[in-house]
Amino acid sequence: MKTDLKSLTKEELEAVLLEKGEKKYRAAQLYDWMHRHLADSFEQMGNLPKSLREKLSEDSEYTCLQTERLQQSALDGTRKYLFALKDGQMIESVWMPYHHGNSVCISSQAGCRMGCKFCASGIGGLIRNLSAAEMLDQIYRIQKDTGERVSNVVVMGTGEPLDNYEYLLRFLRLLTDENGLHISQRNVTVSTCGLVERIRALAEEKLAITLALSLHAPTDEKRKEIMPIAYKYSIRQIIDAVTEYGQTTGRRVTFEYSLIAGFNDSDEDAAKLSALAKEAGAHINLIPVNPVTEAGFSAPIRKEAEAFAKKLEKNRVNVTIRRTIGADIDAACGQLRRKYREESS
Ligand code: SAH
């Protein structure tokens, strides 16, 4: 297999170029083109000799995503990108402009094998992991396309990032590298359904990134009804792991909780959820569930979601209700990729 240049650290790139008989500074130039200027081809790399560019395009891989579809919300400016990968797989990413900075939500896998009942991304199962370059390039293409600096990245698109652990780590290092886009670790959030060993491993990396845990139910019984992963790890094990993550990294964790009417929004649910959040020192992000046709789940009305949030606040838990943005462009949870697959099948 050809070496994917954009997935390499600066040191690795130096080694590759030295091996090709090139000078070390060429690696710095190439790295700069890829990760700072966000070049979409070798041709743009004006200060590299043509012979080197030709050699590179022959014997190595240069990942650059193709925009297959782009939808912009008339309501809030959110943009949803459907990108084509080299092998024809489609992935989606979302750009969210905010006053305090622009945020991009990226996918970590093509498909997903976690099978959460309310989520459209898992419907076709896992197809494959994304490489570090494929994760990075979602951000690069979007920054290029919008002409605006991306300051926040959330790994909350399709896929379970901790199920693609090695490439995720490589991606995080390249994304936050001072010689690249240099996005602050504090502005990066990784969302997981709770793979306990990986949460512990990530804590050991001592990165200052925020961990978001998709909890969605306050008891194992209920969680098993909507998330198959709950058969593998108990809430007890997960809470211990995220609490430790918070302590080791000094970063407050977030619990994501999709509100499903009549399923996880009772007084008792609020009380149990509060206790778990307090124990882990977590902030809670309530997400009124986005309806996925087969599942038959619906979100509580706004007033009820607010009442649920109030109950948490009463217990002195920090809580926000996620704004629904991009609702007019299938921006939520794997919906665009899914529509595309349905149309082309
Ligand atoms: N696999 C990771 C990240 C991907 S999903 C994880 O589980 O966290 C990002 C978030 O969106 C998760 O909290 C996920 O549970 C949630 N989500 C997926 N489908 C949803 C839907 N239909 N409505 C509301 N939230 C949803």
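Bear in mind that the values here come from a model prediction, so they are computed numbers and not experimental data. FYI, the numbering just counts along the sequence from 1.
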Engineer: Side chains of N164 and Q109: is there a donor and an acceptor less than 3.5 Å apart?
Structural biologist: no
Engineer: Are any side-chain N or O atoms of K278 and backbone N or O atoms of V317, one a donor and one an acceptor, separated by less than 3.5 Å?
Structural biologist: no
Engineer: Got a salt bridge between K10 and E178, using NZ or NE/NH1/NH2 to carboxylate O under 4.0 Å?
Structural biologist: no
Engineer: Between F263 and F118, is the ring centroid distance below 6.0 Å?
Structural biologist: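 No: the rings miss the under 6.0 Å criterion.
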Engineer: What is the ring orientation for Y62 with F42, classed by angle as parallel under 30°, tilted 30 to 60°, or perpendicular over 60°?
Structural biologist: tilted
Engineer: Using side chain to side chain donor-acceptor pair (under 3.5 Å), reason through T78 and S73 one step at a time and then give a plain yes or no.
Structural biologist: CA-CA 5 Å; T78 304; S73 168; 5.0 Å; no
Engineer: Does a side-chain N-to-carboxylate-O contact under 4.0 Å join R141 and D145?
Structural biologist: no
Engineer: Looking only at side-chain N and O atoms, does T243 offer a donor or acceptor that is under 3.5 Å from a partner on D240?
Structural biologist: no
Engineer: For A217, does its backbone N or O pair with a side-chain atom of R223 as donor and acceptor, under 3.5 Å?
Structural biologist: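 A pair under 3.5 Å: no.
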Engineer: Answer yes or no: is there a donor N or O on one side and an acceptor on the other, between the side chain of R79 and the main chain of P97, under 3.5 Å?
Structural biologist: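 Answer holds: no.
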Engineer: Between the side chains of E204 and R200, is the shortest nitrogen-to-carboxylate-oxygen separation below 4.0 Å, so that they form an ion pair?
Structural biologist: no
Engineer: Looking at E134 and K86, does any basic side-chain N land under 4.0 Å from a carboxylate oxygen?
Structural biologist: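 No, no charged N to carboxylate O under 4.0 Å.
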Engineer: Flag the pair E12 and R170 as a salt bridge only when some basic side-chain nitrogen lies within less than 4.0 angstrom of an acidic carboxylate oxygen.
Structural biologist: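 Result for this pair is yes, salt bridge flagged.
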Engineer: Decide, yes or no, whether a salt bridge links R236 with E279 under the criterion of side-chain N to carboxylate O below 4.0 Å.
Structural biologist: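 Salt bridge between R236 and E279, a charged N being under 4.0 Å from a carboxylate O: yes.
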Engineer: Check step by step if salt bridge (Lys or Arg N to Asp or Glu O under 4.0 Å) holds for K310 and E306.
Structural biologist: CA-CA 6 Å; K310 281 255 156 55; E306 279 165 9; over 6 Å; no
